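Okay, so here's the structure we're looking at.
From a predicted model like this one, the values you see are computed outputs, not experimental measurements. Note on naming: letters A, B, ... go to the chains in the order of the sequence lines (proteins, then strands), and numbering restarts at 1 for each one.
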There are 2 protein chains.
Amino acid sequence: MPYNAAAPLEKMIEKLAMRSSLLDGDRAALISLPHSIASYDPGSYIIRDGDIAVRCIVLISGFAFRHKITRHGGRQIVSIHMPGDIINLNNIHIGLSDYNVQAVTSCTAVTIPVKDLQELLIDNSAISAAFFTISLVEASSYREWMLNLGRRDARGRVSHLLCEFAVKLDTLGIGPGQSYDLPMTQEQIGDAVGLSAVHVSRTLKSLAQDGLITMNKRGIGLPNWNRLKDEAGFNARYLHISE
Amino acid sequence: MPYNAAAPLEKMIEKLAMRSSLLDGDRAALISLPHSIASYDPGSYIIRDGDIAVRCIVLISGFAFRHKITRHGGRQIVSIHMPGDIINLNNIHIGLSDYNVQAVTSCTAVTIPVKDLQELLIDNSAISAAFFTISLVEASSYREWMLNLGRRDARGRVSHLLCEFAVKLDTLGIGPGQSYDLPMTQEQIGDAVGLSAVHVSRTLKSLAQDGLITMNKRGIGLPNWNRLKDEAGFNARYLHISE
DNA sequence: CGATACATTGAGAGGAATCAAATTGTGTGG
DNA sequence: CCACACAATTTGATTCCTCTCAATGTATCG
């Protein structure tokens, strides 16, 4: 059952289809890509800065993030990835990794030889356009994160991250929109928004006190989506989820 | 003289060729793209956040930057563009602009209908790969900027920007590497690295006092490239200039 | 029940923002 | 060549935000 065996790739295909219309033939071409399954423990590195990558890795379950580290040890998380994401999209055309990818939770992934993907892109312009578009949307997200890091205060930064998470989980059909499990420690949140873990704690508490969010354990509740969005200056447009 | 008339496109083609090997046929296909010339005054907007763009714009001379603005008026410059850059690469596949582009100096540009570019990408996989790669390199640069914004102090941020400028100008053959004209005000530098103009002034002075740079008017001298690189934690790898 | 990881809280220090003012640079026109 | 206006930079004083350090609280798990 080749089709069934390829079921994991469906998550990636759905993401691609969100970005560019794919015909049945395109889907079949994607499913027939040679690939294998890998799994990763929480905290383990999937890719290391400086690696030469020869396989593209598609996250199937779990969460992972990309990060970079300064010479002084400062860590910056640059993106957070969910099932269906290609966690090293750049390696399609650039061998050298300029970031680390680390599993947040237990992760399973599909790995595909870059060579095979490149050949597919040469043969199939629709799929090529879909991958290209994914990369352009990633860049859009990076721009919004830069705005967050450079020009918003602590409350704005944290609430913006919470908003983005809510919308992306909702798109995946994971969270109900009202509340969700945040699979990150406060230290990781801090590394994503350029704050210390301590200050993230304070900021979350402050947001909770003002009724913008509720918290229990790792769960985040969004009792007042509009006020949270307003605090964050959040506009989902940059995610280009539906045009 | 169709070839001559298309000379402006050469700048873009060189940048594409840096990223992916182009054959003579590929170059001919690019040169034959329909296009027209536009020019922009310093400070004028070339693209506005929210626009639906139907033409791609290739900078031929001058400098421009992309920026985003928060609800409270905070501005974040997310990238700085030089001759040969496509200043709205995302519009190849995404119509809606999520950022502004503003001319820093007087600029001339070539504009190409998106539709024609898309058709070219469908027909020519080598050119498609080159554009895709450009986008991936942009993303790499964004990641480095995020690290700069989130996890470096004022001196590190400013010196990192100066290093990036030096390397990019050098690649273009504009600066001699020892010194160059920085075509940005201190306010613009601040908006690029997430600082106030006042603090940029202080930081530049501090760098100059320590002998890392020299300053006169808009000119920046780099008397000690190694020490500056060290201060910035700069490693040009992320620019993927030569693999 | 300790061991460990994560979260909370407080005190203090420091970096950068803001506000305000002075200075310098740049260009224009008389 | 000077006077003027305007933009950009520099400097100082003050305030505020966030960090660091340290201590404590709270789960979770073997």
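Two end axes, each from the C1' atoms of five base pairs, can be drawn for the helix from C:dC1-D:dG30 to C:dG30-D:dC1; they diverge by 40°, to 10 degrees.
With salt bridges taken as basic N to acidic carboxylate O contacts below 4.0 Å, none links A:R152 and A:E231. Under the 4.0 Å criterion applied to side-chain N and carboxylate O atoms, B:R155 and B:D210 are assigned as salt-bridge partners. By the 4.0 Å N-to-carboxylate-O rule, A:R237 lies close enough to B:D49 to be salt-bridged with it.
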Please list each protein N or O that sits under 3.5 Å from an N or O in nucleotides 3-7 of chain C, with the distance.
residue: C:dA7; atom: OP2; partner: A:Q186; partner atom: N; Å: 2.9

Using nucleotides 19-21 of chain D, report all nitrogen or oxygen pairs with the protein that are shorter than 3.5 Å.
residue: D:dC19; atom: OP1; partner: A:S196; partner atom: N; Å: 2.9
residue: D:dC19; atom: OP2; partner: A:S196; partner atom: N; Å: 3.1
residue: D:dC19; atom: OP2; partner: A:S196; partner atom: OG; Å: 3.0
residue: D:dT20; atom: O4; partner: A:R202; partner atom: NH2; Å: 3.2

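When rounded to the nearest whole Å, the span between NZ of A:K205 and P of D:dG25 equals 15 Å. Residue B:M215 contributes atom CE, which lies 9 Å from atom C1' of D:dT9 at whole-angstrom precision. With rounding to whole Å, B:L204 atom CG is found 13 Å from D:dA8 atom C1'. What separates CG of B:L207 from C1' of D:dT10 is a distance of 15 Å, to the nearest Å. Counting to the nearest Å, the P atom of D:dT18 and the CZ atom of A:R157 are 7 Å from each other. Between A:D153 atom CG and C:dA16 atom P there is a gap of 17 Å when expressed in whole angstrom units.
Among A:I52, A:N90, A:N91, the single residue meeting the side chain to side chain contact (heavy atoms under 4.5 Å, CB included) criterion with A:L96 is A:I52. Checked options A:I77, A:V193, A:V200; the residue passing with A:L161 is A:V193 (criterion: side chain to side chain contact (heavy atoms under 4.5 Å, CB included)).
The side-chain tip of B:R66 points at the ring of B:Y99 from less than 6.0 angstrom away and within 45° of straight on.
When the shell of 6.0 Å around NZ of A:K11 is examined, it contains 12 or fewer heavy atoms from other residues, nucleotides or ligands.
In this model, no donor atom of one side chain and acceptor atom of the other lie less than 3.5 Å apart for A:T203 and A:R157. Using modelled atom types and a 3.5 Å distance limit, the side chains of B:S39 and B:T108 yield no donor-acceptor pair.
Using bins of under 30°, 30° to 60° and over 60° for the plane-to-plane angle, the ring pair A:Y180/A:F165 lands in the parallel bin.
B:Y238 and B:H160 have their aromatic ring centers within a separation under 6.0 angstrom.
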